[in-house]
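Please see the structure below; I have some questions.
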Amino acid sequence: MADITGNTRDTGAAGTADSAPRKSSWRYIGPGIVVAATGVGAGDLVATLIAGSNFGYTLLWAAIIGCLVKISLAEACGRWHLSTGTTLFEGWASLGRWTTWFFAIYAVIWGFVYGAAAMSSSALPLQALFPDVMGLEWWGIACGLVGLVFVWFNKYNVFEKVMTVLVGVMFVVTVYLAVRVTPNLGDAFAGLLPVLPDEKDSVLNTLGLIGGVGGTITLAAYGYWVNAKGWTNTGWMKVMRLDNRVAYATTGIFVIAMLFVGAELLHSANIAIASGDKGLIQLGDVLEAEYGTATGKLFLIGFFATSFTSLIGVWHGVSLMFADFLARLRGEREARGDELASGRRERSWAFRAYLLWLTFPPIVLLFQDEPFRLIIIYGVLGAAFMPFLALTLMWLLNSSRTPREWRNGWLSNGMLTVAGLLFLVLCVKQVWDQPWAEFF
């Protein structure tokens with residue numbers, strides 16, 4: 001892919017040996033694998049499956065465009081971290097106190113509800129694999145505690161290695177399923193043409209697919225993982241861009257594979273599955289009936305890998321962001337990338353406090369109905385984060401806060417504009433669809 005900043009040069013800071021350009025190489029790949037694994041959760045796979053089930057290959061083009069949009073957002077996050085030597089919170093703080101208030105409210109409410117959702121999603125395939133061991137709630141607690149202990153006692157390099165293994169499991173399972181259902185390649189190539197389904201609200205549903213897969217706060221966490229890897233200056237820019245493209249090529253493979261499964265296995269047989277994580281349990285049953293017990297069990301293992309990578313990815317990445325946020329709030333003059341590279345943020349009390357917040361309070365939600373008003377607020381905040389990210393990145397990367405040679409070019413501005421408008425439309429739709437009459 002072309003350099004999305006529109007720049008032709010990729011040089012480090014003048015006269016600084018540490019920022020001499022590194023040659024982009026596959027051996028450096030790492031943060032991109034982490035962001036791909038974290039960003040694609042069970043809910044994303046279900047959404048893609050349902051799109052394939054309802055429309056066959058018609059929306060394949062939309063899924064691919066979604067990956068291109070995420071490349072531009074993640075690249076912008078990484079470019080800010082490397083070109084300024086500071087973290088995203090330093091940039092957000094320069095835009096006004098409103099950014100601080102937004103993130104503080106978002107982190108508390110989103111983390112509380114997401115913690116329960118992640119534990120429950122990881123528990124579902126384990127309960128299906130081992131139905132007589134214990135109940136769903138206890139499997140969820142076990143997953144949360146394993147994630148807590150793992151992230152608490154391990155630094156980024158171990159975390160990255162484990163995520164890479166789990167991504168390997170996801171890759172093998174999804175590609176195997178795509179091959180197993182024998183996709184119609186002629187129809188698949190036809191699905192690359194931008195055609196909308198012939199149904200009510202087809203535009204909004206298509207935008208939802210473009211924006212939904214792999215689009216979470218983990219895109220913002222990408223810059224933090226880049227720094228935690230030890231990449232802290234412009235000498236790593238080419239490496240970061242290769243890493244980012246690998247991330248979303250991987251995401252694209254997951255999405256296309258699940259669309260193939262939905263189109264061939266569900267659409268052709270007119271089988272409907274539920275939205276949400278339980279739809280994947282239904283798919284496991286369908287696969288077992290169609291291709292045998294081994295395929296059904298293999299899929300559940302892949303389902304667990306997908307869910308658990310999202311869990312530990314958020315446990316690590318968002319805790320890292322929260323620790324940086326509090327450090328900036330408590331008066332550190334700058335939130336710097338070298339603090340992340342040193343590993344000090346991962347050992348800080350703020351990092352571990354947010355880990356505990358993600359793990360223990362949400363356990364309450366596993367044993368009771370989720371609070372109605374809280375879920376509405378969670379939905380609104382979640383919908384608002386992506387337009388917030390896209391529009392603030394445009395602001396930062398077109399201003400004097402960014403060194404001139406690393407500011408946005410025409411292509412990056414175009415992609416971030418598309419991303420901002422896309423997520424703004426989806427945010428308005430999400431807010432509009434909430435049952436506000438029952439809220440008050």
Would you find a donor on one side and an acceptor on the other, under 3.5 Å apart, between the side chain of Ser72 and the backbone of Val69?
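Indeed, once roles are kept as given, a pair shorter than 3.5 Å links the two residues.
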
How far apart are the closest heavy atoms of Val40 and Ser310, and which atoms are they?
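For Val40 and Ser310, the tightest heavy-atom pair comes out as O-OG, 3.5 Å.
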
Show the nearest heavy-atom pair for residues Pro362 and Ala116, with the distance to one decimal.
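Heavy atoms only, the tightest pair is CB-N, 3.3 Å.
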
Check this for me: Trp436, atom CH2, are more than 12 non-hydrogen atoms of other residues, nucleotides or ligands nearer than 6.0 Å?
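It does: Trp436 CH2 has more than 12 such atoms within range.
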
Can you spot which of Trp101, Trp92, Trp395 makes a ring-ring contact (aromatic ring centres under 6.0 Å, His included) with Phe388?
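In the set Trp101, Trp92, Trp395, the residue that makes a ring-ring contact (aromatic ring centres under 6.0 Å, His included) with Phe388 is Trp92.
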
Rounded at 0.5 Å granularity, tell me how far CD1 in Ile363 sits from CE in Met119.
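CE of Met119 is found 5.0 Å from CD1 of Ile363.
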
According to salt bridge (Lys or Arg N to Asp or Glu O under 4.0 Å), who are the partners of Asp285, at least two apart in sequence or on a separate chain?
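Asp285: no salt bridge (Lys or Arg N to Asp or Glu O under 4.0 Å) contacts found.
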
Pairing donors with acceptors under 3.5 angstrom, does anything connect the side chains of Tyr156 and Asn227?
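There is no such pair between these side chains.
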
When rounded to the nearest 0.5 angstrom, what distance separates OG1 in Thr99 from CZ in Phe325?
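Thr99 OG1 to Phe325 CZ: 9.0 Å, rounded to 0.5 Å.
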
Looking at Phe367, I want to see if its CZ is surrounded by more than 12 non-hydrogen atoms of other residues, nucleotides or ligands under 6.0 Å.
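More than 12 within 6.0 Å, yes.
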
For the pair Asp243 (side chain) and Gly32 (backbone), establish whether a donor and an acceptor sit closer than 3.5 Å, ignoring hydrogens and angles.
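Present.
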
Testing the basics here: between Met240 and Glu75, what is the closest heavy-atom pair and its distance to 0.1 Å?
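Heavy atoms of Met240 and Glu75 come nearest at CE-O, 3.7 Å.
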
Between Thr251 (side chain) and Ala247 (backbone), is there a donor-acceptor pair under 3.5 Å?
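It does hold such a pair.
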
Could you list the residues that satisfy salt bridge (Lys or Arg N to Asp or Glu O under 4.0 Å) with Glu160, not counting sequence neighbours?
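With sequence neighbours excluded, Glu160 shows a salt bridge (Lys or Arg N to Asp or Glu O under 4.0 Å) to Lys229, given in chain and number order.
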
Using the ring of each side chain (for Trp, its six-membered ring), is Trp110 parallel, tilted or perpendicular to Tyr106, with breaks at 30° and 60°?
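Ring orientation of Trp110 relative to Tyr106: parallel.
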
Which atom pair, heavy atoms only, marks the closest approach of Trp61 to Leu192?
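Looks like CB-O, 3.4 Å.
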
To check you understand the geometry: which heavy-atom pair defines the closest contact between Ile312 and Val151, and what is its length?
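That closest heavy-atom pairing would be O-CG2, 4.0 Å.
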
What distance do Ile105 atom CD1 and Ile377 atom CD1 have between them, rounded to the nearest 0.5 Å?
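Result: 9.5 Å between the selected atoms.
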
Nearest-0.5 Å distance, CE of residue Met170 to CG of residue Leu45
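It is 6.5 Å, given to the nearest 0.5 Å.
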
Could you work out, with side-chain contact (heavy atoms from CB on, under 4.5 Å) as the rule, every residue matching Ala257, not counting sequence neighbours?
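Residues passing side-chain contact (heavy atoms from CB on, under 4.5 Å) with Ala257: Thr174, Ala178.
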
Working to the nearest 0.5 Å, report the span between CG of Leu49 and CE of Met258.
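Between Leu49 CG and Met258 CE, I get 4.0 Å after rounding to 0.5 Å.
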
With sequence neighbours left out, write down each residue that passes side-chain contact (heavy atoms from CB on, under 4.5 Å) with Ile256, or none if nothing qualifies.
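Listed in chain order: Leu60, Ile64, Phe260.
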
Can you give me the closest heavy-atom contact between Ala107 and Tyr354, atom names plus distance?
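Heavy-atom minimum between the residues: O-OH, 2.7 Å.
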
Go through the structure and list residues passing ring-ring contact (aromatic ring centres under 6.0 Å, His included) with Phe171, not counting sequence neighbours.
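Once residues adjacent in sequence are excluded, Phe171 has no partner under the ring-ring contact (aromatic ring centres under 6.0 Å, His included) criterion.
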
Would you check if there is a donor-acceptor pair between the side chains of His81 and Trp231 at a distance under 3.5 Å?
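On atom types as modelled, these side chains do not qualify, holding no pair under 3.5 Å.
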
If you round to the nearest 0.5 Å, how far is CE of Met321 from CZ of Phe103?
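Output value for this atom pair is 4.5 Å.
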
Trp315 and Thr359: side-chain donor and acceptor closer than 3.5 Å?
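Yes - a donor-acceptor pair under 3.5 Å links their side chains.
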
Verify the distance criterion only: is there a donor paired with an acceptor across the side chains of Asp324 and Tyr224 at less than 3.5 Å?
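Yes, because at least one side-chain N or O of Asp324 sits under 3.5 Å from a partner of the opposite role on Tyr224.
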
Using salt bridge (Lys or Arg N to Asp or Glu O under 4.0 Å) as the criterion, list what pairs up with Lys429, not counting sequence neighbours.
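Only Asp433 meet the salt bridge (Lys or Arg N to Asp or Glu O under 4.0 Å) criterion with Lys429.
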
Are the side chains of Leu68 and Met415 in touch, meaning some heavy atoms are under 4.5 Å apart?
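Yes, their side chains come closer than 4.5 Å.
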
Any heavy-atom pair between the side chains of Leu82 and Asn233 that's under 4.5 Å?
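No - every pair of side-chain heavy atoms lies 4.5 Å or more apart.
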
